[in-house]
Amino acid sequence: MACNAIDAPIEAGMDTSILPDVHLPTTLEPWFSIRDYGPGLSEDDIKNVFTVYFCSTKTQRNDLTGALGLGAKSFYCLVDSAIINSHHNGMVYNYSAYKDEGDLPQMALLRSAPSDEPSGLEIIVHVNNRTQEFVDEAVEVFKYFDTVPNLNNKNVVERIAAAKQSFKIIGKDYAFNSQSGTTKALMGSVAYNIPSEYLHMSGYIRFNLGELSFDPGRENLTLDAKTIAILKEKIKHIKHHLADDVVNLIEALPTPFQRAKYFDNINTCLLYTSPSPRDRQKSRMPSSA
């Protein structure tokens, strides 16, 4: 849902500086909601997008994260019903989204009226007793977003900022921190686990949208022959250039102490790479370092 909210103004050619609003549940306000400031949806689009699986308004675009026609229905993984508010062409449409007895998604129009609010779409779901789960998930998801939506929880904003700052080794299309762990394949704003047998560094590698295959639920990569080949080639390329990238980062630091401290902080991570950054450092770093 968050990816769709980011996509909405891009798809419509609108002002992308106006960020979506995300309400994380609290004890007193136990709901989760996302409100974007795109064009909103017409009545026909609402019924199609929210009730027809694999129906999407973005199938002809390759610059948007969503396109499968599943993200708009993703709240059904959490709850059986939601409120959908669409602000479109000077009107607001309030819908109840729910599953019928056949477990199929349905939409019931509750109200339509003129509105002077900004255009856009809002999805509201009630998630009692799941506050911490949503807080932790928000940190995990949004730390990979280039632009983080407006969040109602200051603590989550601070945790996301700290998570982003933990990436100490940053290259053109990758970022790693100083720990071993899971590497993510990042396409758009969606992060997928890369199996540890290919790389065991905590961080992410960025791929073009659609470059890797993934399952319909966008939970995991589909490790077909093409995806495996692309993963291996990209990881090989990064490992080959990582040492020089690290040395460049070290050389850019102003003092020998800062250079030594930086290298010491990331050295554990670099054990998983080849060739050795230490050897590259000896050959290129000034003797004062």
Cluster check [X], [Y]: I/L/V/M/F/W/Y, side chain < 4.5 angstrom:
X	Y	result
Phe50	Tyr98	no
Met107	Ile83	no
Ile34	Leu19	no
Leu186	Ile194	no
Leu242	Ile235	yes

(request) Please report the C-alpha distance between Asp215 and Thr222 in whole Å, then the side-chain angles of each, then the deciding distance to 0.1 Å, and finally whether the side-chain hydrogen bond (donor to acceptor under 3.5 Å, both in side chains) criterion is met. (result) CA-CA 6 Å; Asp215 61 30; Thr222 301; 5.8 Å; no
(message) side-chain contact (heavy atoms from CB on, under 4.5 Å) for Ile169 and Asn177? Distances and angles first, verdict last.
(response) CA-CA 6 Å; Ile169 308 172; Asn177 62 32; over 6 Å; no
For a quick test of reading the model, state the closest non-hydrogen atom pair linking [X] to [Y] and the distance between them.
X	Y	result
Ile170	Leu249	N-CD1, 4.0 Å
Ser81	Val125	O-CG1, 4.2 Å
Ile123	Ala82	CG2-CB, 4.5 Å
Glu140	Lys143	OE1-NZ, 3.3 Å
Leu209	Gly188	CD2-N, 3.5 Å
Val156	Val135	CG2-CG1, 3.6 Å

About how many Å separate [atom2] of [Y] and [atom1] of [X], when rounded to the nearest 0.5 Å?
X	Y	atom1	atom2	result
Glu117	Asn85	CD	CG	8.5 Å
Leu221	Tyr198	CG	OH	10.0 Å
Lys261	Thr255	NZ	OG1	10.0 Å
Leu24	Glu137	CG	CD	11.0 Å
Asn129	Thr131	CG	OG1	7.5 Å
Ser119	Asp36	OG	CG	8.0 Å

Check whether any side-chain heavy atom of [X] sits under 4.5 Å from a side-chain heavy atom of [Y], and report yes or no.
X	Y	result
Val190	Tyr144	no
Val127	Trp31	no
Phe207	Ile230	yes
Ile205	Lys184	no
His88	Ser42	yes
Asp21	Leu151	no
Glu122	Ile84	no
His23	Phe32	no

Using 4.0 Å as the upper bound for N to carboxylate O, is an ion pair formed by [Y] and [X]?
X	Y	answer
Glu133	Arg130	yes
Lys234	Asp173	yes
Glu197	Lys232	no
Arg206	Asp146	yes

(message) Would you call the rings of Phe145 and Phe142 parallel, tilted or perpendicular, taking 30° and 60° as the class edges?
(response) perpendicular
Hey, are [Y] and [X] close enough side-chain-wise for a donor-acceptor pair under 3.5 Å?
X	Y	value
Asn193	Thr182	no
Tyr174	Asp245	yes
Ser213	Asp224	yes

Test your reading of the model: is there a side-chain donor-acceptor pair from [X] to the backbone of [Y], 3.5 Å cut-off?
X	Y	result
Arg111	Asn94	no
Asp80	Lys99	no
Ser86	Leu41	yes
Thr183	Met201	yes
Asn208	Glu211	no

(request) Please test Leu109 against Glu43 for side-chain contact (heavy atoms from CB on, under 4.5 Å), starting from the C-alpha separation and ending with a verdict. (result) CA-CA 9 Å; Leu109 179 62; Glu43 290 186 86; 3.9 Å; yes
(message) side-chain contact (heavy atoms from CB on, under 4.5 Å) for Ile46 and Tyr93? Distances and angles first, verdict last.
(response) CA-CA 9 Å; Ile46 288 174; Tyr93 302 96; 4.3 Å; yes
(request) Evaluate whether atom CG of Asp100 has more than 12 neighbouring non-hydrogen atoms of other residues, nucleotides or ligands under 6.0 angstrom away. (result) yes
(request) Tell me whether the centres of the aromatic rings in Phe167 and Tyr204 are closer together than 6.0 Å. (result) yes
(request) Under the side-chain contact (heavy atoms from CB on, under 4.5 Å) rule, what do Met91 and His87 come out as? Steps first, then yes or no, please. (result) CA-CA 6 Å; Met91 295 287 293; His87 300 270; over 6 Å; no
